Amino acid sequence: MEQPAFILEELKQFVINDAPPTVYYIPEFISADEESHLLQQVYKSPKTKWTQLSGRRLQNWGGLPHPKGMLAEKIPDWLQVYCEKISSLGAFSGKTANHVLVNEYKQGEGIMPHEDGPLYHPTVTTISLGSHTLLDFYTPISRLDGDAPQTEESRFLFSLLVKPRSLLILQDEMYQRLLHGIQPCDQDTMTDKVVNLSAAGALLGETLTRDTRVSLTIRHVPKVMKAKLILGRK
Ligand SMILES: O=C(O)CCC(=O)C(=O)O
Ligand SMILES: [Fe+2]
């Protein structure tokens, strides 16, 4: 059922105005009890659910997104609760999230700048557990001939501080145009490039030391394959 658009009104107070459209940052979206319960569930999952990548490991829930459609799998209740809670805020234009990535970053790990791409409804929502991190944003590589090679440093725009238990929602230009990544480092110093400092309750010049961070990346995959039930049919 379509959610009325006015539910997004509630989120308006959480918009980060110093970032391009649109960033919502909601501190303490979940309680400390919910955080430890979620971490327990993540670490209780079968070892086979983990995929080790260079610099992080991840669990995929809900199916593998594919251009031809995702073969949907049931999301366990401990994650489904949050899919529904976030969707009820209107984050996915009335649709319900059906895909969750669990990423685990040990101290000093990160993720290369990337786009989340066209297989998702263009909204990404992230719950952080266990540690803060800095999410960095970059302009895309310009493909104009004759341009000087662009370094990651020259494409860097600004960062968002995401604290444990927060919910981050990125839409519009933040999803569709900019790239995001996490530097593989142990500590983050808060500069004026961190555009949500006050919303995240941090101080300019403060240095935060990272610990293991687990993030829940909750999204909606619009294209889902309908499994054909051919049993008993000609
Ligand atoms: O851990 C995060 O907050 C970012 C994860 C991410 O960008 C992704 O899985 O695509
Ligand atoms: Fe991403």
Side-chain angles (χ1 to χ4, degrees), residues 16 19-20 22-27 29-30 35 38-39 42-43 45 49-66 70 75 79 82-83 86 91-92 97-141 152 155-186 188 194-196 199-200 208 210-221:
I16 303 302
T22 303
V23 178
Y24 302 92
Y25 178 81
I26 302 143
F29 179 71
I30 60 167
E35 179 186 28
L38 278 166
L39 284 168
V42 166
Y43 289 114
S45 299
K49 268 312 273 189
W50 287 104
T51 303
Q52 182 69 53
L53 302 176
S54 67
R56 67 191 160 107
R57 54 176 190 154
L58 64 83
Q59 298 176 1
N60 183 90
W61 297 97
L64 288 176
H66 187 277
M70 175 171 81
I75 293 181
L79 286 172
Y82 294 95
C83 289
I86 294 169
F92 304 101
N98 57 356
H99 191 263
V100 183
L101 270 190
V102 177
N103 279 296
E104 182 204 54
Y105 308 84
K106 299 266 167 56
Q107 191 189 47
E109 295 184 331
I111 184 170
M112 298 255 296
H114 65 279
E115 295 171 27
D116 285 358
L119 298 182
Y120 302 97
H121 173 96
T123 293
V124 54
T125 71
T126 312
I127 297 177
S128 294
L129 310 171
S131 175
H132 82 279
T133 201
L134 272 194
L135 203 53
D136 303 315
F137 291 84
Y138 302 85
T139 51
I141 297 171
E152 197 169 286
R155 291 166 49 224
F156 169 74
L157 292 172
F158 59 86
S159 305
L160 291 169
L161 170 63
V162 289
K163 288 256 185 102
R165 299 176 296 286
S166 69
L167 174 68
L168 180 70
I169 304 178
L170 305 178
Q171 306 186 305
D172 306 308
E173 194 183 332
M174 290 292 297
Y175 184 99
Q176 310 256 22
R177 194 174 82 84
L178 303 185
L179 283 73
H180 55 277
I182 297 169
Q183 289 288 337
C185 60
D186 294 353
D188 302 288
V194 182
V195 293
N196 68 329
L208 301 174
R210 290 190 198 169
D211 201 337
T212 297
R213 170 172 174 268
V214 171
S215 64
L216 310 180
T217 302
I218 299 175
R219 287 175 286 202
H220 175 70
V221 177

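Note that this is a predicted model, so its numbers are computed, not measured. For ligands, and for the atoms within them, numbers begin at 1 and follow the listed sequence.
Put simply, the side chain of K49 gets close to the backbone of N60: a donor and an acceptor are under 3.5 Å apart. Not a single donor-acceptor pair under 3.5 Å links the side chain of D211 to the backbone N or O of S131. Panel note: side chain Q171, backbone Y175; no donor-acceptor pair is recorded below 3.5 Å.
Taking a cut-off of under 4.0 Å to the non-hydrogen atoms of H180, the atoms of ligand 1 that pass are 7 (O). Remark: ligand 1 atoms within the under-4.0 Å shell around heavy atoms of L101 are 9 (O). Near T126, with a cut-off below 4.0 Å to any heavy atom, the atoms of ligand 1 are 3 (O).
Note: an N/O pair closer than 3.5 Å links S215 and ligand 1 by distance alone.
Take the N/O/S atoms of D116: the one nearest the Fe ion (ligand 2) is OD1. For H180, the N, O or S atom closest to the Fe ion (ligand 2) goes by the atom name NE2.
The single protein non-hydrogen atom nearest to atom 9 (O) of ligand 1 is N103 ND2, 3.0 Å, given as residue, atom name and distance. The protein non-hydrogen atom at the shortest distance from atom 3 (O) of ligand 1 is R213 NH2, 2.8 Å. Residue, atom and distance of the protein heavy atom nearest to atom 4 (C) of ligand 1 are Y105 OH, 3.5 Å. The protein non-hydrogen atom at the shortest distance from atom 10 (O) of ligand 1 is H114 NE2, 3.1 Å.
Contacts of D116 with ligand 1, taken as heavy-atom pairs under 4.0 Å, involve the side chain alone.
The shortest distance between side-chain heavy atoms of T139 and L157 falls below 4.5 Å.
The CD1 atom of I182 sits 6.0 Å away from atom CD1 of I111, with the distance rounded to the nearest 0.5 Å.
Remark: aromatic rings of Y120 and H99 are close, center separation under 6.0 Å.
The aromatic rings of H121 and H220 lie perpendicular to each other, with more than 60° between the two planes, well past the 30° mark.
For the residue pair S128/R213, the side-chain donor-acceptor check at 3.5 Å is satisfied.
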